[in-house]
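Beneath this line is the structure, given in C-alpha cells, with notes to follow.
Letters A, B, ... are given to chains in the order of the sequence lines, protein chains preceding strands, and every chain is numbered from 1. The figures here come from the full heavy-atom set of this structure, side chains too, leaving out hydrogens, waters and symmetry mates.
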Protein chains: 2
Amino acid sequence: MTKQFTSVWLREPRQPKASGLRLDHIIGAAVELLDAEGLESLSMRKIGAKLDAGATSLYWYVANKDELLEWVLDEFWGMVEVPEPDEAPWREVLTTFAYNFRDTLRAHRWGASLIGQLPSMGPNALRLTDRLRRAYVRAGFHGIDIYLASGTVMSYVLGVVTPELAWEKTYGSVDINREEIVQMMEEVTGEGYPELMADYREVSPANPDVARAMAFDFGLLCLLDGLEHRLPGGSGERPGG
Amino acid sequence: MTKQFTSVWLREPRQPKASGLRLDHIIGAAVELLDAEGLESLSMRKIGAKLDAGATSLYWYVANKDELLEWVLDEFWGMVEVPEPDEAPWREVLTTFAYNFRDTLRAHRWGASLIGQLPSMGPNALRLTDRLRRAYVRAGFHGIDIYLASGTVMSYVLGVVTPELAWEKTYGSVDINREEIVQMMEEVTGEGYPELMADYREVSPANPDVARAMAFDFGLLCLLDGLEHRLPGGSGERPGG
DNA sequence: ACCTGAACACCGTTCAAGT
DNA sequence: ACCTGAACACCGTTCAAGT
C-alpha cells in the first residue's frame, strides 16, 4: 500500500460565499505580510487578523500553512516575467529572464526560501517552465537536450542570489565597506589566505552591489556561451546528441 | 551612529570547565539532530536534552539559535571536499568539487536551507573559498576575472540541488513515476502545454534520479565550457580583460 | 457551509535564583 | 563561572460549538 500522489493543485476549491473569506484574499494577505515582514514572522494568526478573521478560520480554505505557502509560491512565480520566445533571439530571452528573476528574488526575499522548501507545481510555475523550454527549443536544442538544458539558467540565478540574500539579511542594515569585510575575514582565518584577501582588496569592485552585479553577469555570460557551444553544429556537440 | 559590524566568529569563546557543556559538543549535537530529524524540528530544547542539560543552559555558550546555526553551517562547509588545485587540471578540480558539493547537500539536507538563511563566513567556508579561487587562478583567469568567476560553479550546483530537495521533501516518500507526474501537471494546466508534457513523457529519463544526474552534468559541462571560452586566449576574451 | 474560541503541544528567549 | 526552572510571548493545529 503506497502513499497516494496528490497535490494542492488538484484539490476541490471551496465555494466562498459572497461575504467572508476567500482563498485568493488569504493568499493576497499572506503575500503582503511576507513583503512587509518576511517569511519568519508570518503566522496564521497575523493573516487572520489582517482579514478580520480568526486564525483558525483559514483552515476552512487551507489544509495547513505549507499548503498556503505553496499557493503563495506560485504567486511568486507569477511575478517573474519572461519574454515570448518567438519575439527575440534566445540569448536575449534568457538574459532578460535571468535579470527579471534576479530582480523578483530581490524584491520578494521570501521567494528564494519557499523555492527551497516547497515544490513548484502551480500554473504560474508551469507557464514559466513552458516558456523557458520554448526558448531552448528556439535556440536549436533537440530531443533530450531540450530537457537537459531547460533548467540551467534558472538554477544559476537562484544559486547566485540565494547566498546574497542570506548575507544581506544579516549584514544588510550595517554600514559596511569592503575593507571592513576583509579585516573581519582576516581575523577569522588569521593570516591564512593572503592571496584571497589581497584579491578582495585589489580587484573586487568597492561597491558590493556593483561587485555582485558584475559577477552575476559574468557567470551568466559563461553559461550562455557554454550552452551555445553545445548546440548542434557547435564544436561542443556530442556524438549522437 | 551606525551599527557596528560584528560576527559570531569574532566573539570571545567561553572557557568550558572540564565537565559540563562545550560549544563543540553543542554544535555536534545539533548536527546529529539535524541529520536525523531535519531543520524544522530542531529546537534548543532538544539539543539541550541530547546533552543532558536544560535548553536554557545553551545560552551561556551561544547568544541565540541563529548564532548556533551559523556555527553549524560552517560544519557543513567543512564536509565539502575540494581537491588541492595543484594536483589536477582545473576542470577536474571544479567537477570533483561540484559532485562533492551536490552529494553533501543531498546527504545533509539542512545545508541548503542554512546557506540561504545565514552568512557563510566561518573558517571552513573561507578555506573552501580559497581553494576554489586557486582553482580558477590555475585555470588561467587574471585580475578581476578571478573574482568574477570564483562563485560560478558553486552557484550553479546550489541552484540545481535546492529545488530538487524541496520536491523530494514533499514527494520523496511517495511511490511515483514519471507518468503520474505528467498527469498531475496536465490536471493543473488543463491542455495548456502539450509540447512540454510530450517532452517530459518522451525524452526525459524514466528514472527521476537518472534524469536529475544527467541534467546536472549537462549544465555543469556548459558552464565549464563557457568558463574555458572566457579564458585569456579563448575566443570569448573581452577587450582589456 | 462557514466561522469561532478554547485548548494542546509546542517554540525561542529572559531572568532571577541556585551552586 | 556555569547551570537551572519558571515564566513570557509567541507558534500551528484540532475540535466542539456556534450560526
How many whole angstroms separate atom [atom1] of [X] from atom [atom2] of [N]?
{"X": "K65(B)", "N": "dC11(D)", "atom1": "NZ", "atom2": "C1'", "result": "12 Å"}
{"X": "L58(A)", "N": "dG12(D)", "atom1": "CG", "atom2": "C1'", "result": "11 Å"}
{"X": "R22(B)", "N": "dC2(D)", "atom1": "CZ", "atom2": "P", "result": "12 Å"}
{"X": "D66(A)", "N": "dT13(D)", "atom1": "CG", "atom2": "C1'", "result": "13 Å"}
{"X": "H25(A)", "N": "dC2(C)", "atom1": "NE2", "atom2": "C1'", "result": "16 Å"}
{"X": "N64(A)", "N": "dT14(D)", "atom1": "CG", "atom2": "P", "result": "8 Å"}

Query raised in the report: So does Y59(B) get a side-chain nitrogen or oxygen closer than 4.0 Å to the phosphate oxygens (OP1/OP2) of dC3(D)?
Result: no
Query - Phosphate-side-chain proximity, W60(B) and dC3(D), N/O vs OP1/OP2 below 4.0 Å - result: no
Report task. Taking all heavy atoms of V188(A) and all of M121(B), pick out the closest pair and write down the distance. Result -> CG1-O, 3.7 Å
Query raised in the report: Does a sphere of radius 6.0 Å around CD in E179(A) hold more than 12 heavy atoms from other residues, nucleotides or ligands, not counting ones at 6.0 Å or beyond?
Result: yes
Query raised in the report: When you look at CD of E37(A), are more than 12 heavy atoms from neighbouring residues, nucleotides or ligands closer to it than 6.0 Å?
Result: yes
Report task. Counting Watson-Crick and G-U wobble pairs only, both distances under 3.5 Å, name the nucleotide matched with dC8(C), or none. Result -> dG12(D)
Query raised in the report: Does dA1(D) have a Watson-Crick or wobble mate here (both distances under 3.5 Å), and if so which one?
Result: dT19(C)
Query raised in the report: When you measure from every atom of DNA chain C, which of residues 37-54 of chain A have a heavy atom less than 4.0 Å away?
Result: R45(A), A53(A), G54(A)
**Report entry** Presence of donor-acceptor pair under 3.5 Å, side chain of T56(B) and base of dG5(D)
**Finding:** yes
**Report entry** Y59(B) side chain to N64(B) side chain, donor-acceptor N/O pair below 3.5 angstrom
**Finding:** no
Query - W71(B) ring center near F76(B) ring center (under 6.0 Å) - result: no
**Report entry** Test item: D74(A) side-chain N/O and A125(A) main-chain N/O as donor-acceptor pair under 3.5 Å
**Finding:** yes
Query raised in the report: What nucleotide, of dC3(C), dT13(D), dC3(D), holds the atom closest to the side chain of S57(A)?
Result: dC3(C)
Query raised in the report: Checking R102(B) against F216(B): charged group under 6.0 Å from the ring centre and within 45 degrees of the axis?
Result: yes
